[in-house]
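Read through the structure below, which is laid out as structure tokens, and then see the notes.
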Amino acid sequence: MITCYYQTKIGRIKIAQEGDAIVEINVTDSEKESERETPLIKKTIKELKEYLEGKRKIFDIPIDTQGTEFQEKVWNALLEIPYGETKSYEDIAKMVGCPKGARAVGMANHNNKIIIIIPCHRVIGKNGKLVGYAGGLPVKEKLLQIESNYK
């Protein structure tokens with residue numbers, strides 16, 4: 001696995017590649033240094049920066065999610081949430097055929113290692129409030145604000 005770190009407007013980002021796919025994009029406070037940049041990692045940070053500037057809404061990056069069957073269903077459902085829109089945990093649970101599984105959806109979101117591209121930030125509480133985000137609620141709020149501004 002090759003790992004690189006970048007400073008962005010939402011904080012320090014970790015990008016990891018394994019084989020021909022990205023396996024992790026996360027906000028981190030790690031002080032580690034980047035390894036060698038691959039063409040795929042360079043393309044990923046370029047697309048992420050374009051997204052953060054409101055210039056990109058769709059990513060063209062090969063990803064490998066490496067989750068359980070349920071997690072994969074949830075993550076695929078997240079990919080269906082349009083840019084600038086949100087769904088509740090309950091909405092996602094219904095989408096994956098588990099209508100009472102809002103908490104399980106929350107755990108799948110928590111285990112999403114490829115944030116932004118798999119847009120777990122677009123999942124909010126049933127009451128419309130921002131709840132739970134591995135990168136922290138301020139990051140979730142910034143991502144939703146970016147999408148709101150450029151929708």
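What's counted below: heavy atoms across the whole structure, side chains too, no hydrogens, waters or symmetry copies. For this chain, numbers begin at 1 and follow the sequence in order.
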| said: Set out, in order, the CA-CA distance, both residues' side-chain angles and the distance that settles side chain to side chain contact (heavy atoms under 4.5 Å, CB included) for Thr8 and Val27, then state yes or no. | reply: CA-CA 10 Å; Thr8 71; Val27 176; over 6 Å; no

| task | Could you list the residues that satisfy side-chain hydrogen bond (donor to acceptor under 3.5 Å, both in side chains) with Lys46, not counting sequence neighbours? | result |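 Testing Lys46 for side-chain hydrogen bond (donor to acceptor under 3.5 Å, both in side chains), a comparison that skips the adjacent residues, returns Glu50.
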
| message | If the condition is side-chain hydrogen bond (donor to acceptor under 3.5 Å, both in side chains), which residues does Asn149 pass it with, not counting sequence neighbours? | response |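 So Asn149 forms a side-chain hydrogen bond (donor to acceptor under 3.5 Å, both in side chains) with Gln145.
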
| For His121 and Glu141, what are the C-alpha separation, side-chain angles and deciding distance, and is it a side chain to side chain donor-acceptor pair (under 3.5 Å)? | CA-CA 8 Å; His121 61 278; Glu141 188 172 21; over 6 Å; no

Only pairs at least two apart or in different chains count here, so list each salt bridge (Lys or Arg N to Asp or Glu O under 4.0 Å) that has a residue in [range].
range            : answer
residues 7-27    : Lys14-Glu24
residues 60-78   : Lys43-Asp60
residues 100-118 : none

| task | Can you establish whether the number of heavy atoms outside Lys57 located under 6.0 Å from its atom NZ is more than 12? | result |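 For Lys57, atom NZ is crowded (more than 12 foreign heavy atoms under 6.0 Å).
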
| Residue Gln7 excluded, over 12 heavy atoms near CD under 6.0 Å |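 Yes, the 6.0 Å shell around CD holds more than 12 heavy atoms from other groups.
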
| So, for Ala93 and Gly101, which heavy atoms are closest and what is the spacing to 0.1 Å? |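 Nearest heavy atoms, Ala93 then Gly101: CB-C, 3.7 Å.
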
| task | Locate the shortest heavy-atom distance separating Ile13 from Ile25; write the atom from each residue and the value. | result |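 Shortest heavy-atom separation between Ile13 and Ile25 comes out as CG2-CG2, 3.9 Å.
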
Atom [atom1] of [X] and atom [atom2] of [Y]: how far apart are they, to the nearest 0.5 Å?
X      : Y      : atom1 : atom2 : result
Leu79  : Arg122 : CG    : CZ    : 9.0 Å
Ile10  : Ile116 : CD1   : CD1   : 4.0 Å
Tyr89  : Asn109 : OH    : CG    : 5.5 Å
Ile22  : Thr65  : CD1   : OG1   : 13.0 Å
Ile58  : Glu47  : CD1   : CD    : 10.5 Å
Leu143 : Leu52  : CG    : CG    : 7.0 Å

Please tabulate, for side-chain N and O atoms in residues 81-88, each donor-acceptor pair with protein atoms closer than 3.5 Å (sequence neighbours left out).
| residue | atom | partner | partner atom | Å |
| --- | --- | --- | --- | --- |
| Ser88 | OG | Glu90 | N | 3.3 |
| Ser88 | OG | Asp91 | N | 2.9 |
| Ser88 | OG | Asp91 | OD1 | 3.4 |
| Ser88 | OG | Asp91 | OD2 | 3.2 |

| task | Please name all residues satisfying ring-ring contact (aromatic ring centres under 6.0 Å, His included) with Tyr51, sequence neighbours left out, ordered by chain then number. | result |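 For Tyr51 the ring-ring contact (aromatic ring centres under 6.0 Å, His included) partners, ignoring immediate neighbours, are Phe59.
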
| query | Which ILVMFWY residues can you reach from Tyr5 by hopping between side chains whose heavy atoms are under 4.5 Å apart? | reply |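 Besides Tyr5, the cluster holds no residue at all.
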
| Which ILVMFWY residues can you reach from Met1 by hopping between side chains whose heavy atoms are under 4.5 Å apart? |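 For the cluster that includes Met1, the remaining residues are Val23.
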
| query | For Thr38, which residues count as a side chain to side chain contact (heavy atoms under 4.5 Å, CB included) partner, sequence neighbours excluded? | reply |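 With sequence neighbours excluded, Thr38 shows a side chain to side chain contact (heavy atoms under 4.5 Å, CB included) to Ile2, Gln17, Arg36, Leu40, Ile41, given in chain and number order.
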
| Set of residues satisfying side chain to side chain contact (heavy atoms under 4.5 Å, CB included) with respect to Asn111, sequence neighbours excluded |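 Partners of Asn111 by the side chain to side chain contact (heavy atoms under 4.5 Å, CB included) criterion, ordered by chain and then number, come out as Gln71, Trp75, Met107.
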
| For Thr28, does its backbone N or O pair with a side-chain atom of Asn26 as donor and acceptor, under 3.5 Å? |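 No.
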
Answer yes or no: is there a side-chain heavy-atom contact under 4.5 Å between [X] and [Y]?
X      : Y      : value
Ile115 : Cys120 : yes
Val74  : Ile92  : yes
Leu78  : Asn76  : no
Leu48  : Ile61  : no

